[in-house]
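Just the heavy atoms: all of them, side chains too, but no hydrogens, waters or symmetry mates, feed the values below. All chains are named by letter (A, B, ...) in the order of the sequence lines, taking the proteins before the strands, and each is independently numbered beginning at 1.
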Number of protein chains: 2
Amino acid sequence: MPAPQRVTRAALTAAARAIAERDGIDAVTISAVAAAVGVRAPSLYKHVAHRHDLLRLIADDAARELDEDIMMLVGSASGSRADPVASLTAIARAFRALSARSPRAASLLFSGAALSAEPQSDGMVALTRTLLDAVRAAAPGDPLPAARTLTAWAHGFCTMEQAGAFQLGGDVDEAFEFGLTTLVTAFTAGRSPRR
Amino acid sequence: MPAPQRVTRAALTAAARAIAERDGIDAVTISAVAAAVGVRAPSLYKHVAHRHDLLRLIADDAARELDEDIMMLVGSASGSRADPVASLTAIARAFRALSARSPRAASLLFSGAALSAEPQSDGMVALTRTLLDAVRAAAPGDPLPAARTLTAWAHGFCTMEQAGAFQLGGDVDEAFEFGLTTLVTAFTAGRSPRR
DNA sequence: ACCTGAACACCGTTCAAGT
DNA sequence: ACCTGAACACCGTTCAAGT
């Protein structure tokens, strides 16, 4: 007589993410997550192949959540007529808001945890598409370099902020808005910075 | 009769950094580093307080090395008359070169490993000063927002590149140069992007 | 089909004991 | 003053055994 399933993917994800935010990424262990969902450690290997998969679940969940947040702010994917500058600004601020409320999950988004396995998660695919569409609407030509520049800056800024890397005082909010305006202004100037 | 010291700080740092680059950050354990320098694990606690300190040694070493690289490229700290655009460009490229040759050490530079303890290492202090001086020479006004923008972008770009986050094809070198030109051009335009 | 206890090779860390 | 073995509480992972 088969044992009934007591662990759902959603419960696993929620438990892993809660532990990550409460006690740090290193505390997301097979043992801790198993205890949080009410089974013994070995049982978790019926649902994930390695400890690393727990971090991937967290990253995928954060990607889905961020894409939903952005959709809420900039309207539906292709039919939007919103100001392209406002869209890019909203995307960057949504990422920083996620980083403020879920710093550990946000730090995993572009840090290899979500990237190692095939295929990419639905959340990451959707997020990538949303960002590329927004960059395409704001600037002519190949959106890839601009999208990579904006993502790298936002990821770097938020991980540094959460790690406590900005130790020289000053206004960190102002530094974020300065970087955001600098990049979006340059992108929408309509010409590449070099001929 | 006291036992002679068999472990130097330099040997500890070199061993930890070599293990990090060869086998990854997670492989930098008290046991592995102790074995690499020829003592038993408990002896390492005469030289570091926690495993985390091993990562700090790596980060500090990388900071010192990067500051030396930059000094070699842009000349001595305050007396330089070099083109300020060329200085910022050289700094960013030196960081990416470090990230290519020592990806694990570079990823620790702004990721909390070097940031937790007081006081900051000489290498981090020197690196911060070098960057701020270069930004000051290139743009009028408060250098902090521009320095934070450039650092966040470079850190984000290099960690994403090394993590394999750029999966959509295209030319990653081109994306780096695009971001670098975009930022440096905006900084040296001599006016803030918003009034 | 899923869950469990037992087992293995690790790890960080502490501490009394050596020299 | 530094190094060591022994010990403790952990961890990831495997596997035969339960239901």
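- The existence of a salt bridge linking B:Asp173 and B:Arg96 is confirmed by a sub-4.0 Å separation between a basic side-chain nitrogen and an acidic carboxylate oxygen.
- Atom pair A:Arg6:CZ and C:dC3:P shows a separation of 6 Å (rounding to whole Å applied).
- In this pair, A:Phe95 and A:Phe110 present their aromatic rings tilted. The plane angle is within the 30 to 60° band.
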B/S/- contact track for nucleotides 7-17 of chain C, protein heavy atom under 4.0 Å
----SSBBB--

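- Looking at B:Asp61 and B:Arg64, a side-chain N of the basic residue comes within less than 4.0 Å of a carboxylate O on the acidic one, giving a salt bridge.
- With a 3.5 Å ceiling on both atom-pair distances, D:dC10 lacks any Watson-Crick or G-U wobble partner.
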Pair B:Leu54, B:Ile19 - check side-chain contact (heavy atoms from CB on, under 4.5 Å), show working.
CA-CA 11 Å; B:Leu54 297 173; B:Ile19 292 168; over 6 Å; no

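- Looking only at distances, a side-chain donor or acceptor of B:Glu21 sits under 3.5 Å from a matching main-chain atom of B:Arg104.
- For A:Lys46 and C:dA1, the NZ to C1' distance is 7 Å, given to the nearest whole Å.
- Under 4.0 Å is where a charged nitrogen must lie from a carboxylate oxygen, and between A:Asp60 and A:Arg9 no such pair does.
- Of the candidates C:dT4, D:dC3, C:dC2, the closest approach to any side-chain atom of A:Val39 belongs to C:dT4.
- Whole-Å rounding puts the B:His47 NE2 to D:dC3 C1' distance at 10 Å.
- Pairing for D:dA16 goes to C:dT4, judged as Watson-Crick or G-U wobble with the two contacts each under 3.5 Å.
- When the side-chain nitrogen and oxygen atoms of A:Ser43 are compared with OP1 and OP2 of C:dC2, none of them lie within a distance under 4.0 Å.
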